[in-house]
Amino acid sequence: MIKVAIFDLDGTTIDTLFYWDNLWAKLGTLYCSDASFRPGLDFEKAVRTITQEETAHLIHKTFGFGDSGEALYEMMYKEPVQESDVRRL
């Protein structure tokens with residue numbers, strides 16, 4: 001019996017960069033009418049060390065996206081981001 005577990009906490013084993021690219025495009029499309037929206041490098045670094053829920057609250061506080069941090073969290077993490085969600089401008 002194998003008794004090993006691999007935890008990918010920083011995206012090095014499983015590439016999650018596409019998720020963030022699609023999420024920023026979705027948020028940009030929904031709230032800025034601009035699918036090319038990207039936060040600054042400082043913001044991207046800040047969200048690396050906090051939870052998904054904290055990230056949603058920080059996005060709401062920083063950019064004003066969503067009705068609240070809670071609502072944004074529901075949209076971001078309970079509804080998968082699909083390529084079809086993003087309207088390319």
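Atoms considered below: every heavy atom in the structure, side chains included; atoms not considered: hydrogens, waters and symmetry mates.
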Residues which pass side-chain hydrogen bond (donor to acceptor under 3.5 Å, both in side chains) with [X], listed by chain and number, not counting sequence neighbours:
X	value
Glu44	none
Glu53	none
Thr49	none

Please tell me if the side chains of [X] and [Y] come closer than 4.5 Å, counting only heavy atoms from C-beta onward.
X	Y	value
Val47	Gln52	no
Leu30	Met75	yes
Cys32	Phe65	yes

With rounding to the nearest 0.5 Å, note down the distance linking [atom1] in [X] to [atom2] in [Y].
X	Y	atom1	atom2	result
Ile50	Leu58	CD1	CG	5.0 Å
Lys26	Phe37	NZ	CZ	14.5 Å
His57	Glu70	NE2	CD	4.0 Å
His60	Thr55	NE2	OG1	14.5 Å

**Study point:** Worked check of side chain to side chain contact (heavy atoms under 4.5 Å, CB included) between Leu72 and Phe63
**Key:** CA-CA 11 Å; Leu72 192 59; Phe63 302 107; over 6 Å; no
**Study point:** Minimal non-hydrogen separation, Ile59 against Met76, with atom names
**Key:** CD1-CE, 3.7 Å
Study note, to complete from the structure: Nearest heavy-atom approach of Ala56 to Gly69 is CB-O, 3.7 Å
Check your understanding: Can any side-chain N or O of Ser33 pair as donor or acceptor with the backbone N or O of Thr29 at less than 3.5 Å?
Key -> no
